[in-house]
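Just so you know, ligand 1 is whichever comes first in the structure, and atom 1 is the first atom listed for that ligand. In this text the structure is predicted, and so the values were computed from the model without any measurement.
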Amino acid sequence: MIPREFEYHAPRTIPDALSLLTQFGDEAKLLAGGHSLLPMMKMRFAQPSHLIDLGKIRELKGIREDGGTLRIGAMTTENELIWSKLLQDKCPLLIEGARLISDPQVRYKGTIGGDISHGDPANDHPALMLALGASFVLKGPTGERSVPADGFFVGTYATLMQPGEIMTEIRIPIPAPGTGYCYSKLKRKVGDFATAAAAVTLRMKGETVQDVAIALTNVGATVLRAVAAENSLRGQALNDASIAEAARFAMSICDPVEDQRGDAEYKTAMAGEMTQRALRTARTRAH
Ligand SMILES: Cc1cc2nc3c(=O)[nH]c(=O)nc-3n(C[C@H](O)[C@H](O)[C@H](O)COP(=O)(O)OP(=O)(O)OC[C@H]3O[C@@H](n4cnc5c(N)ncnc54)[C@H](O)[C@@H]3O)c2cc1C
């Protein structure tokens, strides 16, 4: 289908983008890479009469280190994440996750800020953000606030972001050296969303789990933080039995929707399997 007619705006600064958002209110939509919004416009699920393209705002791009934090501009593309030397050194989990998003065409245009803002439980960045303890900088007409990723996703396509706000930056505390990590994603074919996926970060102290974060993709109305699974592992040895137990806890919070990727039982089982795989791989990378 063809989208309805709209007026296109290309502001060059964040204040200009914010004032356009304020001016046009519900009639406006922000455009980032367009790989989620444009399909929705073509199907007329979204029918904005004003499209505010963030693509010309330089300060929304780039990846830098600031103290112990990685600061990533919301308009940074998946491909720019993948090729970042800084992320390779300090946060390889983000690269591992971004490489599994769709195909090169989507990764060249799709942005990390768009992937998070969209609030799609099938998107991969939300789980990566939860596992990494990220926070999001939101700018609005009355100023700026920072919101933790944990709690940001409140429903399918629903987040804590208010109308009139723009996500400007993603902040990630740099994982301590020796942190194990893995994003384990099952998909039917290249370019598909996850049937189920698990993001893990893991700190070991000798043979004991010191800390662990586990987040699940596409097995609920939002990304899911597997809190009980994490609690079952802290202070325990990581072995076949404790990994299987954590997977059972992870599966117990899944509530996936049946679709062409499988029924709820299969997807739940795959979430357990992805959790086990991610924990095992994270263990081999932790030291
Ligand atoms: C064939 C296909 C396969 C895909 N597979 C995957 C996959 O496996 N994993 C995955 O994670 N994603 C996948 N995607 C989605 C893709 O990653 C999108 O690029 C992403 O969801 C949205 O990012 P975008 O930059 O394209 O945002 P857009 O589509 O431009 O925007 C998405 C939404 O976010 C809002 N928005 C964008 N930026 C901001 C901002 N800075 N502040 C506030 N609101 C903002 C927009 O208004 C819009 O509502 C796929 C897409 C396609 C077409």
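Checked by atom type and distance alone, the side chain of Ser232 pairs as donor or acceptor with a backbone atom of Ala229 at under 3.5 Å. With hydrogens and angles disregarded, a donor-acceptor distance shorter than 3.5 Å links the side chain of Thr281 to the backbone of Arg277. Lys185 places a side-chain N or O within donor-acceptor distance of the main-chain N or O of Leu100, the cut-off being under 3.5 Å. Side-chain atoms of Thr22 come within 3.5 Å of backbone atoms of Leu18 as a donor-acceptor pair (strictly under, hydrogens ignored).
Of the protein's heavy atoms, His35 O, 3.8 Å lies nearest to atom 51 (C) of ligand 1. Among protein heavy atoms, atom 48 (C) of ligand 1 sits closest to Leu30 O, 4.0 Å. Nearest to atom 13 (C) of ligand 1 among the protein's heavy atoms is Phe193 CE2, 3.2 Å. Protein heavy atom nearest atom 2 (C) of ligand 1, with residue, atom name and distance: Ser102 OG, 3.6 Å. Atom 12 (N) of ligand 1 has its closest protein heavy atom at Asn123 OD1, 3.2 Å. From the protein, the heavy atom lying nearest to atom 31 (O) of ligand 1 is Leu37 CB, 3.9 Å. Summary of contacts: the protein heavy atom closest to atom 32 (C) of ligand 1 is His118 ND1, 3.8 Å. At the shortest separation from atom 17 (O) of ligand 1 among protein heavy atoms lies Asp115 OD2, 3.2 Å.
Those atoms of ligand 1 that come under 4.0 Å of a heavy atom in Asp124, given as number and element, are 7 (C), 8 (O), 9 (N), 10 (C), 11 (O). The Asp192 neighbourhood of ligand 1 comprises atoms 8 (O), with distances under 4.0 Å to a heavy atom of that residue. Per-residue contacts place Met161 under 4.0 angstrom from the following atoms of ligand 1 (heavy atoms of the residue considered): 43 (C), 44 (N). Short contacts between ligand 1 and Leu54, defined as distances under 4.0 Å to a heavy atom of the residue, involve ligand atoms 40 (C), 41 (N). In summary, the atoms of ligand 1 found under 4.0 Å from a heavy atom of Ala32, numbered by their order in the structure, are 25 (O), 27 (O), 30 (O), 37 (C), 38 (N). For ligand 1, the atoms sitting less than 4.0 Å from at least one non-hydrogen atom of Ile166 are 42 (N), numbered in the order shown with element in parentheses. The contact set between ligand 1 and Gly33, taken as ligand atoms under 4.0 Å from a residue heavy atom, comprises 24 (P), 25 (O), 26 (O), 27 (O), 30 (O). Below 4.0 Å from some heavy atom of Gly110 lie the following atoms of ligand 1, by number and element: 19 (O), 25 (O), 26 (O).
The only member of His125, Lys109, Arg107 that meets side chain to side chain donor-acceptor pair (under 3.5 Å) when paired with Glu78 is His125.
The side-chain hydrogen bond (donor to acceptor under 3.5 Å, both in side chains) test applied to Ser49 returns Glu27, not counting sequence neighbours.
Residue contacts with ligand 1: His125 is placed with no nitrogen or oxygen under 3.5 Å of a nitrogen or oxygen of the ligand (distance criterion only). Considering backbone and side-chain N/O of Gly34, one or more are found under 3.5 Å from N/O of ligand 1. An N or O contact shorter than 3.5 Å is missing between Glu78 and ligand 1 by distance.
Taking the charged nitrogens against the carboxylate oxygens, Lys61 and Glu80 do have a contact shorter than 4.0 Å, which makes a salt bridge. By the 4.0 Å N-to-carboxylate-O rule, Lys139 lies too far from Glu169 to be salt-bridged with it.
With a 4.0 Å cut-off on non-hydrogen atoms, Val106 touches ligand 1 through its side chain and not its backbone.
Proximity annotation for atom 39 (C) of ligand 1: of Ala197, Pro39, Ser36, Ser117, Ser117 comes nearest, heavy atoms only. Taking only non-hydrogen atoms, the option from Lys187, Met167, Lys185 nearest to atom 42 (N) of ligand 1 is Met167.
Judged by the 6.0 Å and 45° rule, Arg261 forms no cation-pi pair with Phe193.
Heavy-atom neighbours of Lys90 NZ from other residues, nucleotides or ligands within 6.0 Å: at or below the threshold of 12. At most 12 heavy atoms of other shown residues, nucleotides or ligands fall within 6.0 angstrom of atom CZ in Arg12.
For the residue pair Gln23 / His50, no side-chain donor-acceptor distance below 3.5 Å is found, with atom types taken as modelled. No hydrogens or angles considered: a donor-acceptor pair under 3.5 Å links the side chains of Tyr183 and Thr217.
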Dump the intermediate steps for side-chain hydrogen bond (donor to acceptor under 3.5 Å, both in side chains) on Asn239 and Ser242, then the final yes or no. CA-CA 5 Å; Asn239 53 35; Ser242 63; 3.2 Å; yes
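Under a 4.0 angstrom heavy-atom cut-off, Ile112 registers as lying outside contact with ligand 1.
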